[in-house]
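Hydrogens, waters and symmetry mates play no part in the numbers below; they use all other heavy atoms, side chains included. Chain A is the first sequence line, chain B the second, and so forth, proteins listed ahead of strands; every chain is numbered from 1.
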6 protein chains.
Amino acid sequence: RYGLAEKEDQVGVVTGLAWTSVGGDLLQIEALKLPGKGRMKTTGKLGEVMKESIDAASSYVRSVAPQIGVKPPKFEKVDIHVHVPEGATPKDGPSAGIAMVTSIVSVLTGIPVRKDIAMTGEVTLRGNVLPIGGLKEKLLAALRGGIKTVLIPAENEKDLAEIPDNVKEGLEIIPVSHVREVLPRALVRMPEAVEWDEEAEEAAAAAAAKAAIPGQGAVAH
Amino acid sequence: RYGLAEKEDQVGVVTGLAWTSVGGDLLQIEALKLPGKGRMKTTGKLGEVMKESIDAASSYVRSVAPQIGVKPPKFEKVDIHVHVPEGATPKDGPSAGIAMVTSIVSVLTGIPVRKDIAMTGEVTLRGNVLPIGGLKEKLLAALRGGIKTVLIPAENEKDLAEIPDNVKEGLEIIPVSHVREVLPRALVRMPEAVEWDEEAEEAAAAAAAKAAIPGQGAVAH
Amino acid sequence: RYGLAEKEDQVGVVTGLAWTSVGGDLLQIEALKLPGKGRMKTTGKLGEVMKESIDAASSYVRSVAPQIGVKPPKFEKVDIHVHVPEGATPKDGPSAGIAMVTSIVSVLTGIPVRKDIAMTGEVTLRGNVLPIGGLKEKLLAALRGGIKTVLIPAENEKDLAEIPDNVKEGLEIIPVSHVREVLPRALVRMPEAVEWDEEAEEAAAAAAAKAAIPGQGAVAH
Amino acid sequence: RYGLAEKEDQVGVVTGLAWTSVGGDLLQIEALKLPGKGRMKTTGKLGEVMKESIDAASSYVRSVAPQIGVKPPKFEKVDIHVHVPEGATPKDGPSAGIAMVTSIVSVLTGIPVRKDIAMTGEVTLRGNVLPIGGLKEKLLAALRGGIKTVLIPAENEKDLAEIPDNVKEGLEIIPVSHVREVLPRALVRMPEAVEWDEEAEEAAAAAAAKAAIPGQGAVAH
Amino acid sequence: RYGLAEKEDQVGVVTGLAWTSVGGDLLQIEALKLPGKGRMKTTGKLGEVMKESIDAASSYVRSVAPQIGVKPPKFEKVDIHVHVPEGATPKDGPSAGIAMVTSIVSVLTGIPVRKDIAMTGEVTLRGNVLPIGGLKEKLLAALRGGIKTVLIPAENEKDLAEIPDNVKEGLEIIPVSHVREVLPRALVRMPEAVEWDEEAEEAAAAAAAKAAIPGQGAVAH
Amino acid sequence: RYGLAEKEDQVGVVTGLAWTSVGGDLLQIEALKLPGKGRMKTTGKLGEVMKESIDAASSYVRSVAPQIGVKPPKFEKVDIHVHVPEGATPKDGPSAGIAMVTSIVSVLTGIPVRKDIAMTGEVTLRGNVLPIGGLKEKLLAALRGGIKTVLIPAENEKDLAEIPDNVKEGLEIIPVSHVREVLPRALVRMPEAVEWDEEAEEAAAAAAAKAAIPGQGAVAH
Ligand SMILES: [Ca+2]
Ligand SMILES: [Ca+2]
Ligand SMILES: [Ca+2]
Ligand SMILES: [Ca+2]
Ligand SMILES: [Ca+2]
Ligand SMILES: [Ca+2]
Ligand SMILES: [Ca+2]
Ligand SMILES: [Ca+2]
Ligand SMILES: [Ca+2]
Ligand SMILES: [Ca+2]
Ligand SMILES: [Ca+2]
Ligand SMILES: [Ca+2]
């Protein structure tokens, strides 16, 4: 059962690329945002390295929250669940990092991910994209699955020499070196940045709290 | 000891289908809703993959809560316990996913599950139904156990060619590709959706809180 | 050292039946209710399956709390400790389920358990009783230990054909298929049900809270 | 290095008896009560069975708290640390149960334990004393260590036939079947029971709380 | 893929030096400061010894907080995430200790780390620098990666005799024996110390709290 | 790399003595006190027995807090981090117990530890000092490292017969049987005891709390 591209643009749903001993495959990544307390849940028989890559993706997103239109306190009021179907298949490795970032940004902003794009690349805490293995197998799987555009790490560009011509002709292959090159291509539109000045917010919060203190409202005697 | 269909429609009780080295069997799934704090407990010697499938089922249900008539804050006030008897038999795998979704929806809404239906299918965080193994053995177990209707993943429809005619004649076999095709068939009636507008709710909550603040009630001097 | 029946009716003390490679034995189960926060502690070198059977027993009891005269908020104010002496002997398996239910109901209600009754049977989250193994060895141990009455799963009734006549004559053997057949026989008296209407309770709680708010009591100026 | 009896009566310090492949030995048990939150800490390379025996001892003591002069809310305000020196030697087994009970009662009440008494016996949640192994080796170690009185389980009384006469003459050996026979012999004096009526206490607590509510004190206008 | 020096001075990004069976390499260390509750997260397939070295680095930094311009309560309001890419490569050992200190100080103060410096050295809780292994391989990797300055433990100075001349000529090698020699070289500027007198702070906090108490503000009747 | 005595008297820094298959060595123990919540952190690749010895040391110190000038509530406001460099070397065993006690007392009181003293001895919860192994190797390491005074367990005094004369002449060797003989020799000065009467403190705390209650201050109408 080979993976196929999604049929519609969806929020939180990103297509990654997996490389195993039997070849490449598409990797559907799903994320949900739920009312909660800032917890991150991950399921899908994920190994420790993949779980850590989700942690790194999540911290990166938190660190750029205002740039994607999310005020930081939001993170304390939601739980995020990242799931990688098919649940019986073990998955591991860091190469889904930029897909994880994209999935988390999508659920936080409510902006869908383009259905015909796939991506592979480790992400660092600063949003840098690191090279991955199995490029050839991953591109073949993307082509077979109906993907139109594939984002790959800039450091893997040199490996394109070994890729068959028909694959390179059938896919738009875009090398990226930072998440800021990923999001504009993966999301159907870019989120607008929000002003976030921690001190101003604290002042506002304090004012709101004061208004609610008994005996300090408009009590006339 | 072969499993048999339930004798009455019950809340939280769903019949799944298991496939082991010695053939297929019915899998009774039980769920209870208890006053609590949003905790999920699972018992019945369940493997990690089955536990994760319950996590995914639970998050899916939370994500569609208003559609099934449940206001999201409800989740923070209940604990849900999912148990799969017989407690000494190890169980694993993701294929009970849609049965887990049905069981959780049933206990949250108080709507019973039809007694003569069984189901098999992995569920994703979006409610998609993924294919499973052992279809033949599972259908034989369903027929033997007195089940009338079996929900199977649409992607397994192609495997029906290998199923003996008497089995296909003795069972109503319904392929499904999303949970939204499962619930109307599995529940004795569908829950009504509830309006849920997070901002309106927050306003209401704030108003209620204000009314309770000392010195701001109707105190006449 | 063979187990013997208890010498008096006691609260929280139930006689189960164990089956090991060297035969059957009585299994004393002890429970205590302590002021606490809704925690469950289990000791006695119990395996995972037996611990899960205590979880299932506990959830079943919580789900029928008003029927046994216990208001649900009570559970958040007590800890329950279930211990199975002899602490150096490993114990496992689900067959002490109905004994665990009986023990928990006894400590919660303060109603003693009859001293000359023993019981064996897995319990499900709905209170159904599932069959067990080692019936013959367990009944021999009961007889040897001075037990008068043994509750067994209805599904094990067919195994009575293989039990020696002297055992069947020396014991009152009662097949049960649900916990509701267990409690009236095991407890020295049945608890009275309590009215529990969640909404009424919430209203009462709110009223009590309001009365305690400063500035809203009977303050005359 | 053989263990020796204590040189003075001390609070929380009890002499147990250990039985290993190389013979018997004294086992000094130490407990401390610290300001805290109801936590129990155990150290001394203790195996799971010995840790569980401390849990059982602790729950038993909590269940009889008013009888030993301790009001139950006290338990939420103290931490208890039970340590068994020599920290590099693994210890396990349930036979130190009654010594653990004695140690915990001693620290809670501040009443010292007699220096020349040793004890061995598993304890159940109800305070019953269960038989132990290695009686001969343990009694030899007690005699060698300068112990005068040894408490043993009543069920081990039959094993005294195999004990050499000089040991039986050199020690006062007292069989016990319940903790209530242990404490009067082990403590230098018995604690006085305290009245504890949960409802009266709740009323008192509520009254105290009310007095502290702003606007309800003696404010004259 | 050999590591290269950073292209710009960045906050929280420090270049460490690793030594493996296949030679030396640069080790990029990244840290982020996020709004939070004083938690420390570490990712990058780190072994226990490296995780402990981050704990020690973190405690050292907390112990000198006012000296680096950070008021201690700050630590309870932020989470720090330390990540060491490449996520699939296991890393261990204590020798990144001073790099960890530098990374944590950089994120807390917002002061960037010089891009062309690398460092190796275990750190103790007092900030002392302990010797490391693989000096030759590490220096070769630094030279190859474009590093200009390397900080090494003073106790490793004696090993410089074995280092090829071209390496010693191509790098500025600076022996250090305490973190206080590391920070002025690694940070683009030194943070200013802040006055921190715990008692004065407590007084200020109490005054602020008092001002917010209802009925004690400037209420005119 | 052999350990050397410290160069100055420092707070929280104590020299222990280790004994391994390759001989004896000095063991620097470092402790820090940080603003916190009563947590204890331990690092340095410590085995379970050494971690438990730190737990025992910590509880002992808490139990004598007023005697060393520390009011018990202090413990709930600080975290203590105990680290044993060199982080890649596994350490275990209980023999650093009295060194751990000394280190914790030093950080809590702020009183430095003498630089030229080393110590070895297991500590019990009551502060008793138990014998250790490897005395000869440990003393050799102390002499080689420039230590002047070594505290050893009184029960090891008999082993001094086997120690070479030059070692005994080069070191002041002091047998101790309780922590109260350790602290006056190890600390540069003894802390002064503080009055601590739990009931008086509670009264004071209650009075302070009352003063802060709105509507009960000096409000004139
Ligand atoms: Ca696939
Ligand atoms: Ca991967
Ligand atoms: Ca079955
Ligand atoms: Ca399955
Ligand atoms: Ca037995
Ligand atoms: Ca059993
Ligand atoms: Ca000994
Ligand atoms: Ca024992
Ligand atoms: Ca590399
Ligand atoms: Ca290293
Ligand atoms: Ca050394
Ligand atoms: Ca040691």
The reported gap from OG1 in F:T42 to CD in E:E52 (rounded to nearest 0.5 angstrom) is 7.0 Å
Can you tell which part of F:V84 gets under 4.5 Å to a heavy atom of chain E, answering side chain, backbone, both or neither?
-> neither
Please check if atom NZ in F:K74 has more than 12 non-hydrogen atoms from other residues, nucleotides or ligands closer than 6.0 Å.
-> no
Within the distance-only criterion (no hydrogens, no angle test), does the side chain of E:E122 pair as donor or acceptor with the backbone N or O of F:G87 below 3.5 angstrom?
-> yes
Engaged part of E:P131 at the chain F interface, taking heavy atoms whose separation is under 4.5 Å | side chain
Can you tell me how far CG of E:N128 sits from CD of F:Q28, rounded to the nearest 0.5 angstrom?
-> 9.0 Å
NZ of E:K158: more than 12 outside heavy atoms within 6.0 angstrom?
-> yes
Taking atom CZ of F:R185 as the centre, does the number of heavy atoms from other residues, nucleotides or ligands within less than 6.0 Å exceed 12?
-> no
Please state whether the side chain, the backbone, both or neither of E:L130 comes within less than 4.5 Å of a heavy atom of chain F.
-> side chain
Residue part contacting chain F, namely of E:Y60, when any heavy atom lies under 4.5 Å | backbone
Portion of E:S53 that has a non-hydrogen atom of chain F nearer than 4.5 angstrom = neither
When only pairs under 4.5 Å are counted, which of E:E48, E:E155, E:E76, E:R126 shares the most heavy-atom pairs with chain F?
-> E:R126
Note: E:L125 and F:H83 closest approach over all heavy atoms is CD2-CB, 3.5 Å
Kindly compute the distance separating OG (E:S58) from NZ (F:K41), expressed to the nearest 0.5 Å.
-> 8.0 Å
Can you find a pair of side-chain heavy atoms, one from E:D55 and one from F:H81, that are under 4.5 Å apart?
-> yes
Within a radius of less than 6.0 Å around NZ of E:K168, do more than 12 heavy atoms belonging to other residues, nucleotides or ligands occur?
-> yes
CZ-CG distance between E:R62 and F:L32, expressed to the nearest 0.5 angstrom | 9.5 Å
